[in-house]
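What follows is a short report on a single structure.
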There are 4 protein chains.
Amino acid sequence: MAATSPRPLAPRKRPRQARATATLDAIFEATIQVLLRDGPQRLTTTRVAERAGVSVGTMYQYFAHKQALIYTLNERYLEALAERIEACCAAQHGTRANRMVEALVECYWQAKTERPEVTRALYRSVAELDNVALVANFAARVDRATTAMLASASDHAPADLDSVNRTLVTVIFGTVRNAFERNLPEADTEGLRRHLVTMCKALLDQTAGQSA
Amino acid sequence: MAATSPRPLAPRKRPRQARATATLDAIFEATIQVLLRDGPQRLTTTRVAERAGVSVGTMYQYFAHKQALIYTLNERYLEALAERIEACCAAQHGTRANRMVEALVECYWQAKTERPEVTRALYRSVAELDNVALVANFAARVDRATTAMLASASDHAPADLDSVNRTLVTVIFGTVRNAFERNLPEADTEGLRRHLVTMCKALLDQTAGQSA
Amino acid sequence: MAATSPRPLAPRKRPRQARATATLDAIFEATIQVLLRDGPQRLTTTRVAERAGVSVGTMYQYFAHKQALIYTLNERYLEALAERIEACCAAQHGTRANRMVEALVECYWQAKTERPEVTRALYRSVAELDNVALVANFAARVDRATTAMLASASDHAPADLDSVNRTLVTVIFGTVRNAFERNLPEADTEGLRRHLVTMCKALLDQTAGQSA
Amino acid sequence: MAATSPRPLAPRKRPRQARATATLDAIFEATIQVLLRDGPQRLTTTRVAERAGVSVGTMYQYFAHKQALIYTLNERYLEALAERIEACCAAQHGTRANRMVEALVECYWQAKTERPEVTRALYRSVAELDNVALVANFAARVDRATTAMLASASDHAPADLDSVNRTLVTVIFGTVRNAFERNLPEADTEGLRRHLVTMCKALLDQTAGQSA
DNA sequence: TATGAATGAGAATTCATTCAT
DNA sequence: GATGAATGAATTCTCATTCAT
């Protein structure tokens, strides 16, 4: 593909027609399928196109190069995830901190577990690209949402809100990822999640400046 | 995940001569260097060989294929890490649970942070291969060590030791990984770590069956 | 024999466009040329592609691997040869057995001698692959054709048709191959052929059950 | 190996000690085994050495290069075969032509069938090298022996001895080879052989100038 | 003399990308 | 626009041969 450097990672065209959207969706879905079936090594443009039922040429109408495809796929996924988290946070505004943490864990866990293979596939594909910007951007968005949520807690005002927030997010996201990596059985997963909530609440308790 | 064909991943020959051991070490080190400098995409056998100062042919005397190289590299790393954790756990036998957790976090954090670029490089390279077995093996070893440690605690006997142990390990390892992924600045890292210890201790407190 | 792994030997894609058919033909012809010029040892994919005036990549669009190319080349050749023999046999239906044998020797000899270098090249290339299936298939087809022909002879009904047929085919084909291997001069070839016919007729005579 | 051209194909040293002879034998036997197990494509010096229980280095003490090994192997085999045929011919001196032909077929068939896999392996390996000289030399030797035998027949003097002899040899050798290639079952083999003898005798009959 | 580690040219194969139809 | 054949640089991997020990 056009080897201009730095290469634009966004999709070439914004879909205007329904047909284009359908094609894009098919391509994204195909990418995930290939990732799952063949692994990141065998994720080739040809395979994706074939699976998506379009020609390679068509794929190149939508993505200037392969990296752009993977990038956009992850971007899309993180975008949806971020929105979900934002919604969850917004919904908890003004409630008690404990409920907030419960909701956050629930929301994230749920989002990751709905289509576990997809989660797994994307975890692997991210290693393919220079994802620093992507992840940083996602993290910033999430931080903003969770911080705002926590700040609105009716019963809690930690001494260092940012720090506590960062810990919560890092611990929750990291734990979920590790659980995936270890391939924990369903049974163990449930206990882990309860423990995780417990631990988060404990952090809130111990970092509470003064109750409101 | 990836349907890697059942190719043997172990190294082809065990080094018999001193020269061979040196060669092997050079190859491993070179792999890490290339991984750091060029990223997993540009990790080619030629590049590794060149950097290691040997010929490609030599590399293939020791590794049946590229995957085997990456696999063995990770295996080696996890082996060393496991040993370190085992030593740490052994050293804490019989102490109080709180100290144990502190030591575990300290040990793991330290191990990962000593050569952060290496850690990062390996985190990325491991996505290249079918690492289920590798990770499972490492996890089992660590679980054994930490469980034994916790069971020996002078002041603590959780109702469900295995479950608590699993949570602790998952949360600690996951948090560290996520911290790496988010590329947290040194300053924030310190606070995160203190929080993590706090949370782990809290879990121990709340799951204590009866004090000894 | 050789434990060739069960890789599909059929061509990867059937040509759909005229361009593709031309490409395929060029590749086959180039393979024969390289085989003749450089021998089976120097039959490399690069050389074939170059000679065919296409890129290596193109070759790999049509053949999954080098073996498949050689296999298909031989298959094609044997296919044509079988058709020729079948036509010859069909043309002799109902004639006298002696004429049949004459025709068969003539037909086979002719087919092999038209482009002797090609014949020689293929005899050598076939050693490269696990040709059991190929040869068996060809043999079965030929056996069917010659048996049917002999069975229709107006003047002859051997006690054991199958056995006689097998001998005739084996002797004729084997003799021709050996003549090639010994690199017999044109002059000697003529006599050999006459003798061969004589011998085949003699076999018919001596195995005749009863004349019709 | 030393790339002098034309390269000497004979073994580097004539074995003087028992040890050397044993090593040579092991190498030859290993070559055949590898040929059978892995096919001519995978016949590598390393594999042969390993199978023979010697180092590659040692192999290169005996053969200047791989071609020399294969060449010598075939040479050895053809040498033994020629000797056998010569002995057989000598033993038939002065007998009747029919007996001669019977003996020749019997002898050749026997020699090829004793270790059929070896025969098969060598048939394939010959394609690897420029065997014209080798085969020509063998053919000449055999021709001399069989011609001399036939010339001594008590009951037969063909008009054109050379021509008849050539035919006999070509037909017999070719038929046997083809039988191998077709992988004929034991049962069919027996009938084929009887037919072959019949045909050879018929040729003698029909080319007899005058009985002695 | 024997060994087997090292070599590196050369072969097979892959795959992102282009472009004529 | 869409297609898919063609491209060829880049990559993996092989193996005959050498040479220090």
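Contacts of D:F138 classified as ring-ring contact (aromatic ring centres under 6.0 Å, His included), with partners at least two apart in sequence or in another chain: none. Every residue meeting the side chain to side chain donor-acceptor pair (under 3.5 Å) condition with B:S125, not counting sequence neighbours, appears here in chain and number order: B:N74. Applying the salt bridge (Lys or Arg N to Asp or Glu O under 4.0 Å) test to D:E79 and every residue at least two apart in sequence or in another chain returns D:R141. Here B:Y77 pairs with nothing under the ring-ring contact (aromatic ring centres under 6.0 Å, His included) rule; sequence neighbours left out.
One atom, CD1 of B:I27, and another, C1' of E:dA6, lie 11 Å apart when rounded to the nearest Å. The distance from atom CZ of D:F63 to atom C1' of F:dT18 is 19 Å, rounded to the nearest whole Å. To the nearest angstrom, P of F:dT14 lies 12 Å from CE of B:M59. Between the CG atom of D:L69 and the C1' atom of F:dT17 there is a distance of 14 Å, rounded to whole Å. Distance, A:Y62 OH to F:dT3 C1': 13 Å, rounded to whole Å. The separation between C:H65 atom NE2 and F:dT12 atom C1' is 17 Å, rounded to whole Å.
When the nearest nucleotides of DNA chain F are assigned to C:V54 and B:Q41 by heavy-atom distance, the more 5′-ward of the two goes with C:V54. Summary of the strand contacts: D:G57 and B:G57 both lie near DNA chain E, and taking for each the nucleotide with the nearest heavy atom, the more 5' one is attributed to D:G57. Between A:V56 and B:T58, the residue anchored nearer the 5' end of DNA chain F, judged by the nucleotide with its closest heavy atom, is A:V56.
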Secondary-structure notation, DNA chain E, from Watson-Crick and G-U pairs under 3.5 angstrom (| other strand): .||||||||||||||||||||
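Counting only residues at least two apart or in different chains, salt bridge (charged side-chain N to carboxylate O under 4.0 Å, His left out) contacts with residues 117-127 of chain C are absent. Pairs engaging residues 23-36 of chain D under the salt bridge (charged side-chain N to carboxylate O under 4.0 Å, His left out) rule: D:D25-D:R76, D:E29-D:R115 [sequence neighbours left out].
Of all the residues in residues 42-51 of chain C, C:L43, C:T44, C:T45, C:R47 reach under 4.0 Å from DNA chain E with at least one non-hydrogen atom.
Taking every side-chain heavy atom of B:Y60 into account, F:dT12 is the closest of F:dA16, F:dA5, F:dT12.
Rounding to the nearest 0.5 angstrom, the gap separating the OG1 atom in A:T72 from the CG atom in A:L24 is 8.5 Å.
Considering A:F63, A:Y71, A:Y62 in turn, A:F63 is the only one that fulfils the ring pair (Phe, Tyr, Trp, His ring centres under 6.0 Å) rule with A:F28.
At least one side-chain nitrogen or oxygen of C:S55 sits closer than 4.0 Å to the OP1 or OP2 atom of F:dT7. Phosphate contact (OP1/OP2 of E:dG4, side-chain N/O of B:Q61, threshold under 4.0 Å): absent.
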Solution key, residues 38-58 of chain B side-chain donor-acceptor pairs under 3.5 Å, sequence neighbours excluded:
residue	atom	partner	partner atom	Å
B:Q41	NE2	A:E128	O	2.8
B:T44	OG1	B:R47	N	3.1
B:R47	NE	B:R42	O	2.7
B:S55	OG	B:T58	N	3.3
B:S55	OG	B:T58	OG1	3.1

